[in-house]
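Because the structure is predicted, anything quoted here is derived from the model rather than measured. Quick note on labels: first sequence line is chain A, next is B, and so on, each numbered from 1.
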Amino acid sequence: MSAENIPNRFDYVARSGQIYGQWLEEGCFDAEINPDKKPFTIVIPPPNVTGALHLGHALNNTLQDIQIRLHRMMGYEALWIPGTDHAGIATQAVVERRLKEQENITRHDLGREALVQRIWAWKDQYEKRILDQLKRMGCSCDWRRTRFTLDDQCATAVQATFFDLFRQDLIYRGKRLVNWDTFLQTAVSDDEVFHETVKGHFWHIRYPVVSPKAGEPKFVIIATTRPETLLGDTAVAVHPDPAAELDRLQVQLTERLANASEKDAPAIGQQLEQIQERRRTMLPGLIQLAKMATDGRMLELPLTGRTIPLIADVWAKPEMGSGCVKITPAHDPNDYEVGLRQSLPMINILNTDGRLNEHGGSYQGLSTQAARTKIVADLEAMELLDQVEDREIDLAHSDRSKTAIEPFLADQWFVRMDKLAQSAIDAVENDQVKIFPTRYAKGYVDWLSEKRDWPVGRQLWWGHQIPIWTQEYASSKDLAASFKLINRLEGEYAGEIVANAESETILHVSLRGGNEELVTKIESLGFVRQSDVLDTWFSSALWPHSTLGWPEQTDALNYFYPTNTLITSRDIITLWVARMVLMGLNNTGQVPFSEVFIHPKILDGYGETMSKSKGNGVDPLDVIDKFGADALRFGLCWLTTETQDVRMPVQFECPHCEALVNQTKQNRQLPRVKCDKCGKEFSTQWAEKADDKALAKAPVVSERFETARNFCNKLWNAARFTMMNLEDYTPAKIDRTNLALEDRWLLSRLSSVNQTMTAAIKKYQYADAARAIYDFAWDDFCSNYLEIAKPRMQEEQSRPVVQRVLAHALDQLLRLLHPIMPFVTEAIWQEINALHPVRDQQTLQPASKFIIKADWPTPVPSDVDVEIEQQFLLFTSL
RNA sequence: GGGCGGUUAGCUCAGUUGGUUAGAGCACCACGUUGACAUCGUGGGGGUCGUUGGUUCGAGUCCAAUAUCGCCCACCA
């Protein structure tokens, strides 16, 4: 095609798919083990298969692809491993909800196997959609290596890891208070719980003292927001030394008051007065109770006929309530801690469906709500109810079922974190893993420093089933007999079976995966596999090495691991990043990556996070359809600064007239919206009714990608102009000692921008990189150099030199832009290759067939002339 | 309660170690289409840099206080 026939718009719709196909065909994304090259590896943060990707993913993956493409051009063997995450509870909940909505059945109607099958079908559908989205964005992943956190390779890694941790005694069975969803009948994690303030009451209840001595109170008063839990009380606590505690608080508050600002002072002063008031009125009573506690006095627990001890424990705060607190170890996290400390019995009063069990006595079978009403009435009748305050209560609800959470004592598997967490702290503190921006390292270290054991079991069906088999024994004699059996098995299958006896009568066996014969044998001995599955983060934690074939010492693992950088968003620094570091260290002895970049989050026009449920999410494909993938990528890159989240007002694009209709809090959840401009109605993602669905659906986009789209077009036309003026171009070295000012200036700028770009991308300063190349392309190359070149190309003497400078500059500009805008640069590259393959002044060699495989430009330090750049700036501003 | 971040033009954001007249994109106003590009060009309007105080010859930038918005963590008998 001759240059004149090139259209004046880049047809990204037609060209992008075609170019991507060429890259795939040529294996441009495939990384091979190559001892002559240094590897550069990134593993994708595997998107959840719960749904399609949104703009946040588009940002995340664009930033990774830029690194991969840059390093590929720089001569590294660049590997980007793609994949998806099974996302445990989230995916199962989505599928279960659909079952309920569309077929009105629950998972129990289907059964485990059938449900899991349904979820696999869902996974196949969304994985395909997700991978397709990544391809449309231009992501240059090595698709041959695509993994899924629940596939066989990852399962092998999970089982090997679990087995190893078990053998190291880093996995144990323990009781733990979990957030129990009584509707779904599963524990849910803290992140799956939301809090809502509801109106409630604060009931003050009298617990009679058993045979009070003279001068002693007849009752101890406790206060609670959940009176029904008294059925599970096993103690009442009072502070062991209330006088000292109040003193301490008083000193502390006095100090704070002295340093307090005018604004805070009154509140602190008030607290101080309250403490002093308590000292006067309540302290003697509390001291007496503390004495009674050490004497081992008992209280009568109303409605149960039980007596419980009055105990001394620091958990009871003398400055709060009555100074006494009821202890319900099986239904309150703090009370649980007290229960452990004080060796109190733990009485679980609930069934898994949330109704009271046999420990509820006459209240058995009632829901907690019904029991509460009845208990309060009964207490009142017995004159044990002291006073009732109205109070707002922050009540935990399950994200999934929207029902109230009951704290519930359940058996759980834990990973002991002490040693593992320390290794991950050390890795960051001694810079083996560098986190950018550096401020995020603090949260990482703080979280790990708590070294809280990791509860890894989930009462789900979708996930890696825990590779532990348990057998209960009637007596320790039976146990001893089986121990022998196990020991024998261990000898027979050396290194593949490890047994722990949790107590005298329960034995747990963990098997290394992949031996069906052994599993059969163990099960024939009466061992039953744990039905729980592992927390989804367990398999994600292995991602950087499991994707490369660990536990096999594969060549790929040896070559590509540790990976170079991990690019992710800040909300999973602890959940995911920290755990990858500690698991990587445990399994391979090496950190999983040397750098972590935490990128901003994309918010909507109101500063709210985008989500499907709010209706403010944006499908990257909508943006790609309207503006092109390059515009999407450049636009996101342009916005990626170190400190700020990205606020992005969102519009519906009217399918009738293409006008952009602002998305507002009012219209974003409507099934149909009327266009401001043409007045016609269109449907949205919420359309369900037939007449709504019949309307044309509006894509959701943001006009903030216009700048980037225009930039693509500018680049396209600059290239077009250049090509139109290269007809009689002859490649040759330009004589740098005899150049016009504007030529020297452009070459200087080119090398400066090259340096800036390379440094900025390597430091994850994406916005700086985008701005540098945008300014260079638009202002320097187009507005200045091309305009000056026009008259110079009419002169015979200067024409050849200008052509060579132009060809070279465009060539280098395309390369510099390629990591950010891969499609348009590849399209231009191929057009110009067909006409003038030799452009690069440094080599004077024909350009590579694809720009994706071209060398990253090397700055020419001798070309950089700060003085000329400044002079020229003055010259053009005149 | 602890930690982190933001506050600069109508909107969304830059502003490096303090240094002339605080920038960009979008939006707005005027003019321009035989021009590589109207997804463009030329010109223009618009900012007491949240507030107060301090350091300095000089503060958007450094320090202190304060207001306000947002995020994370902990806690809430």
Q: Please report the shortest heavy-atom distance between I761(A) and A769(A), naming the atom on each side.
A: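 Where I761(A) meets A769(A) most closely, the heavy atoms are CG1-CB, 3.8 Å.
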
Readout for nucleotides 26-42 of chain B: B = base within 4.0 Å of protein heavy atom, S = sugar-phosphate only, - = neither; 5' to 3' it is ----------BB-BSS-

Can you tell whether the side chains of [X] and [Y] come within less than 4.0 Å, N to carboxylate O?
| X | Y | result |
| --- | --- | --- |
| R792(A) | E795(A) | no |
| D645(A) | K601(A) | no |
| D604(A) | R668(A) | yes |

Residue from V805(A), D779(A), D780(A) passing side chain to side chain contact (heavy atoms under 4.5 Å, CB included) with Y785(A):
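Of the listed options, the one satisfying the test is V805(A).
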
* Asked: rA77(B), rG5(B), rA74(B): which one has an atom nearest the side-chain heavy atoms of R439(A)?
  ->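 Taking heavy atoms from C-beta onward, the closest nucleotide is rG5(B).
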
Looking at T641(A), I'd like to know whether one of its side-chain N or O atoms comes within less than 4.0 Å of OP1 or OP2 on rC13(B).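 Checking T641(A) against rC13(B): no side-chain N or O falls below 4.0 Å of OP1 or OP2.
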
query: For rA74(B), does either OP1 or OP2 sit under 4.0 Å from a side-chain N or O belonging to R452(A)?
result: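 R452(A) to rA74(B) OP1/OP2: side-chain N or O found under 4.0 Å.
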
Report yes or no: is the cationic atom of R839(A) (NZ for Lys, CZ for Arg) closer than 6.0 Å to the six-membered ring centre of W829(A), at no more than 45° off its axis?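 Positive - R839(A) is close enough to the ring of W829(A) and near enough to its axis.
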
Do we get K790(A) above F721(A)'s six-membered ring, with its NZ or CZ under 6.0 Å from the centre and within 45° of the axis?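 Ring-cation test returns yes.
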
Between [X] ([atom1]) and [N] ([atom2]), how many Å, whole number?
| X | N | atom1 | atom2 | result |
| --- | --- | --- | --- | --- |
| I311(A) | rA77(B) | CD1 | P | 17 Å |
| E389(A) | rA77(B) | CD | C1' | 12 Å |
| D775(A) | rC13(B) | CG | C1' | 14 Å |
| R570(A) | rC73(B) | CZ | P | 11 Å |
| Y440(A) | rC4(B) | OH | P | 12 Å |
| L575(A) | rC72(B) | CG | P | 12 Å |
| L603(A) | rG5(B) | CG | P | 17 Å |
| N662(A) | rU12(B) | CG | C1' | 13 Å |

Rounding to the closest angstrom, what is the interatomic distance between [N] and [M] at atom [atom1]?
| N | M | atom1 | result |
| --- | --- | --- | --- |
| rC28(B) | rG35(B) | P | 26 Å |
| rA24(B) | rC72(B) | C1' | 32 Å |
| rG23(B) | rG47(B) | P | 14 Å |
| rA74(B) | rG18(B) | C1' | 39 Å |
| rG6(B) | rC29(B) | C1' | 32 Å |
| rU66(B) | rU17(B) | P | 26 Å |
| rU52(B) | rU61(B) | P | 13 Å |
| rG50(B) | rU7(B) | P | 7 Å |

Can you confirm whether the side chains of [X] and [Y] place a donor and an acceptor under 3.5 Å from each other?
| X | Y | result |
| --- | --- | --- |
| D571(A) | S569(A) | yes |
| H201(A) | D390(A) | yes |
| E742(A) | N784(A) | no |

Name the nucleic acid region contacted by [X], choosing base, sugar-phosphate or nothing; use a 4.0 angstrom heavy-atom cut-off, strictly under.
| X | answer |
| --- | --- |
| T225(A) | sugar-phosphate |
| T328(A) | nothing |
| W716(A) | nothing |
| K601(A) | nothing |
| C324(A) | base |

Comparing D446(A) and R647(A) on RNA chain B - which has the more 5′ nearest nucleotide
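Between the two, 5'-proximity favours D446(A).
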
Let me know which of Y440(A), F436(A), Y764(A) forms a ring pair (Phe, Tyr, Trp, His ring centres under 6.0 Å) with F597(A).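 Among Y440(A), F436(A), Y764(A), the one meeting ring pair (Phe, Tyr, Trp, His ring centres under 6.0 Å) with F597(A) is Y764(A).
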
- prompt: With pairs taken as Watson-Crick or G-U wobble and both distances under 3.5 angstrom, which stems of at least three consecutive pairs involve RNA chain B?
  reply: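 Counting only runs of 3 or more consecutive pairs, the stems involving RNA chain B are B:1-7 with B:67-73, B:10-13 with B:23-26, B:28-32 with B:40-44, B:50-54 with B:62-66.
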
